[in-house]
Enquirer: 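Input: one structure, supplied below.
All values reported here derive from a predicted model rather than from experimental measurement. Every chain is numbered from 1, with letters handed out A, B, ... down the list of sequences.
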Number of protein chains: 2
Amino acid sequence: MNPKILLVEDDKILGYALKTYLEMRHFQVNLQPNGAEGLSAFNSEQFDLCLLDVMMPIMDGFTLAEEIRKLNPAVPVIFLTARSMKIDKLQGFQKGADDYIVKPVDEEELIARIQAVLRRTNPSPVSISSYSIGTLSFDWHSRRLNDGAQTVILTDKEADLLRLLCERKNQLLDRKVVLQELWGKVDYFNRRSMDVHMAKLRKHLQLDPKVTIINIHGKGFILED
Amino acid sequence: MNPKILLVEDDKILGYALKTYLEMRHFQVNLQPNGAEGLSAFNSEQFDLCLLDVMMPIMDGFTLAEEIRKLNPAVPVIFLTARSMKIDKLQGFQKGADDYIVKPVDEEELIARIQAVLRRTNPSPVSISSYSIGTLSFDWHSRRLNDGAQTVILTDKEADLLRLLCERKNQLLDRKVVLQELWGKVDYFNRRSMDVHMAKLRKHLQLDPKVTIINIHGKGFILED
DNA sequence: TTACTTCTTAACTTCGTCTTAACGCTTTTA
DNA sequence: TAAAAGCGTTAAGACGAAGTTAAGAAGTAA
């Protein structure tokens, strides 16, 4: 499904132009003429991204962004600002903007920025499936763990587990997160099952002696390389 | 702990100026003069963010960014580009830039963009879990206390205790507050238990000789650095 | 069917953490 | 100054968490 964008822009001509352009580039766009209506639109639908003009009547972009953050801090926000607007620009970032675009809008740049923000926020479904761990490389799709010399083919669960670890390499991966993601439920048996898989993964990862999965007692695991 | 930035810039004057400015703003900066050395620096340390000049001898910024992504796709990249460079700019985004800055660099804007990118990539806006104590860094979430050289993994209670101390660094932390927060009850045994944990913490904190936990008789403790 | 793979369950072992106890030193109080 | 209370420290034990191996169970392919 194409990403859904909430566009709030009071300038009708620019607003319509942007909407048309974004739709041409396969985004779904909901255009609203001011902050108040933008907010109520945000209330009634799910969006993947908000594109907000800063200078607007009724409710300005920054205030709207604050309201949006209160409702759902996960949805990224990009501001549209006038070229001169330097101080406001900074305030905008302070209030949790993910990016901003200076008017007049360069359409290609806009697309690029939107895609960059979406890539970061939605670890996309097509997504990265190749990871490097020390000297090893791991491809989640083909479930191969590669040494340079030899290749080990992991099982489904092992691969899923390793992917989670890779996504938080050198950071704590919480046990509960794993159980919720891969088993859907946190109970004693799933926990034990996970430990078994972890043991198998450790064995596979011995291909590179520097790679280890360390345990944080009572919390989770860290994949270190 | 302050964010660690890998800065790769071949212009020595600009590079040094940026490094100085960023350090003034409490970032840790590793400055490298070209792509090759930038890559090897990236290999040997963990960074929170990379700031790469696009036009460089030996290895240009885009190529470097690609190599960096291969090693760790989670680390955000910001490019430094010349004003005119439009097509390259877009290529940069395609190759996974998180943002770019047009030269000549506006320092405040640079800081704002860095902070924006870091806020997005570092997942915990809710509760701060990273503290610095003297030369040490402590991450409550993963319970790691870091020296630069070595890392000690604390236990749950130790980590909780250290967090409380950090939150009131160089101020009195009342015994009763600790007991109420971490044990839920103030009695003789909990008090003794806390003292045991305190002793262990002191031992860990010997990593930096300047850091001490001093006792205020009958009142509580002060973490000094 | 048999052979094979993968995941779960079980059982046993090892390890880590927290509490409790003990002892000695320091500070406060009577 | 003596007694009491507060604190630093080490060690031992209990308990739960995690590592490990192997035996079922369930599914898949030949």
Enquirer: Is A:Glu67 salt-bridged to A:Lys70, going by a charged N under 4.0 Å from an acidic O?
Expert: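 A salt bridge links A:Glu67 with A:Lys70.
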Enquirer: Assess the side chains of B:Tyr16 and B:Glu9: does a donor N or O sit below 3.5 Å from an acceptor N or O?
Expert: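 No, no side-chain donor-acceptor pair sits under 3.5 Å.
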Enquirer: Can you tell me which nucleotide in C:dA21, D:dG19, C:dT19 comes closest to the side chain of B:Phe189?
Expert: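 Of C:dA21, D:dG19, C:dT19, C:dA21 is nearest to the side chain of B:Phe189.
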Enquirer: Within this structure, what is the CD-to-C1' distance between A:Gln206 and D:dT20, rounded to whole angstrom?
Expert: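 Roughly 13 Å, once rounded to whole Å.
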Enquirer: How close or far is atom C1' of D:dA18 from atom CZ of A:Arg191, stated in whole angstroms?
Expert: 11 Å
Enquirer: Using whole Å, report how far CD of B:Glu158 lies from P of C:dT17.
Expert: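 Atom-to-atom, B:Glu158 to C:dT17, this comes out as 7 Å.
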Enquirer: Which one, C:dT9, C:dC7, D:dT10, comes nearest to the side chain of A:Lys157?
Expert: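 Closest of the options to the side chain of A:Lys157: C:dC7.
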Enquirer: Rounded to the Å, how far apart are A:Lys219 NZ and C:dG16 C1'?
Expert: 15 Å
Enquirer: Given atom CG of B:Asn215 and atom P of D:dG6, what is their separation to the nearest angstrom?
Expert: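 That distance rounds to 12 Å.
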Enquirer: If you check every side-chain atom of B:His197, which of D:dT20, C:dT19, D:dT10 has the closest atom?
Expert: C:dT19
Enquirer: Which one of B:Thr135, B:Thr151, B:Asp139 satisfies the side-chain hydrogen bond (donor to acceptor under 3.5 Å, both in side chains) criterion with B:Asn146?
Expert: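 Checked B:Thr135, B:Thr151, B:Asp139 against B:Asn146; only one passes side-chain hydrogen bond (donor to acceptor under 3.5 Å, both in side chains): B:Thr151.
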Enquirer: Can you give me the closest heavy-atom contact between A:Leu64 and A:Gly38, atom names plus distance?
Expert: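 Distance-wise, the nearest heavy atoms are CD1-C, 4.4 Å.
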Enquirer: Can you check the A:Asp195 CG to C:dC7 P distance for me, whole Å?
Expert: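 These atoms are roughly 15 Å apart.
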Enquirer: Write down the distance between CG (A:Asp174) and P (D:dA18), rounded to a whole number of angstrom.
Expert: 11 Å
Enquirer: Below the 4.0 Å mark, does C:dT8 have OP1 or OP2 next to a side-chain nitrogen or oxygen of A:Trp183?
Expert: yes
Enquirer: Between B:Leu6 and B:Gln32, what is the shortest heavy-atom contact and its length?
Expert: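 Heavy atoms of B:Leu6 and B:Gln32 come nearest at CD1-CG, 4.0 Å.
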Enquirer: Return the polar atom pairs (N/O with N/O) between nucleotides 22-29 of chain C and the protein under 3.5 Å, or none.
Expert:
residue, atom, partner, partner atom, Å
C:dA22, N6, B:Arg192, NH1, 3.4

Enquirer: Have A:Gln28 and A:Asn30 got a donor and an acceptor in their side chains that come within less than 3.5 Å?
Expert: no
Enquirer: Please work out if B:Asn190 contacts a base, only the sugar-phosphate, or nothing of the nucleic acid, heavy-atom cut-off 4.0 Å.
Expert: nothing
Enquirer: For A:Ile216 and C:dC15, what is the distance between atoms CD1 and C1' respectively, to the nearest whole Å?
Expert: 14 Å
Enquirer: Report, as a single string ordered 5' to 3', how protein heavy atoms within less than 4.0 Å touch nucleotides 22-30 of chain D: B base, S sugar-phosphate only, - not at all.
Expert: ---------
Enquirer: Look at all strands and tell whether B:Ser193 reaches a base, only sugar-phosphate, or nothing, counting heavy atoms closer than 4.0 Å.
Expert: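 Base contact.
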Enquirer: Mind jotting down which residue pairs meet the salt bridge (Lys or Arg N to Asp or Glu O under 4.0 Å) criterion with at least one end in residues 206-225 of chain B? Sequence neighbours excluded, please.
Expert: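 Output for this query lists B:Lys169-B:Asp225.
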Enquirer: Does the pair A:Arg191 and A:Leu179 meet the rule for a side-chain contact (heavy atoms from CB on, under 4.5 Å), with working shown?
Expert: CA-CA 7 Å; A:Arg191 227 173 348 216; A:Leu179 290 167; 3.9 Å; yes
Enquirer: Using modelled atom types and a 3.5 Å cut-off, is there a donor and acceptor pairing between side-chain atoms of A:Asp48 and backbone atoms of A:Lys4?
Expert: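 Yes: the side chain of A:Asp48 pairs with the backbone of A:Lys4.
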Enquirer: Give the ring-plane orientation class for A:His197 versus A:Trp183, where under 30° counts as parallel, over 60° as perpendicular and anything between as tilted.
Expert: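 Ring orientation, 0 to 90° scale: tilted.
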Enquirer: Check this one for me: any side-chain N or O of A:Arg202 less than 4.0 Å away from OP1 or OP2 of D:dG19?
Expert: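 Yes, because at least one side-chain N or O of A:Arg202 sits under 4.0 Å from OP1 or OP2 of D:dG19.
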Enquirer: Would you tell me if any nitrogen or oxygen in the side chain of B:Arg175 comes within less than 4.0 Å of OP1 or OP2 on D:dG6?
Expert: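 Answer is no, no contact under 4.0 Å.
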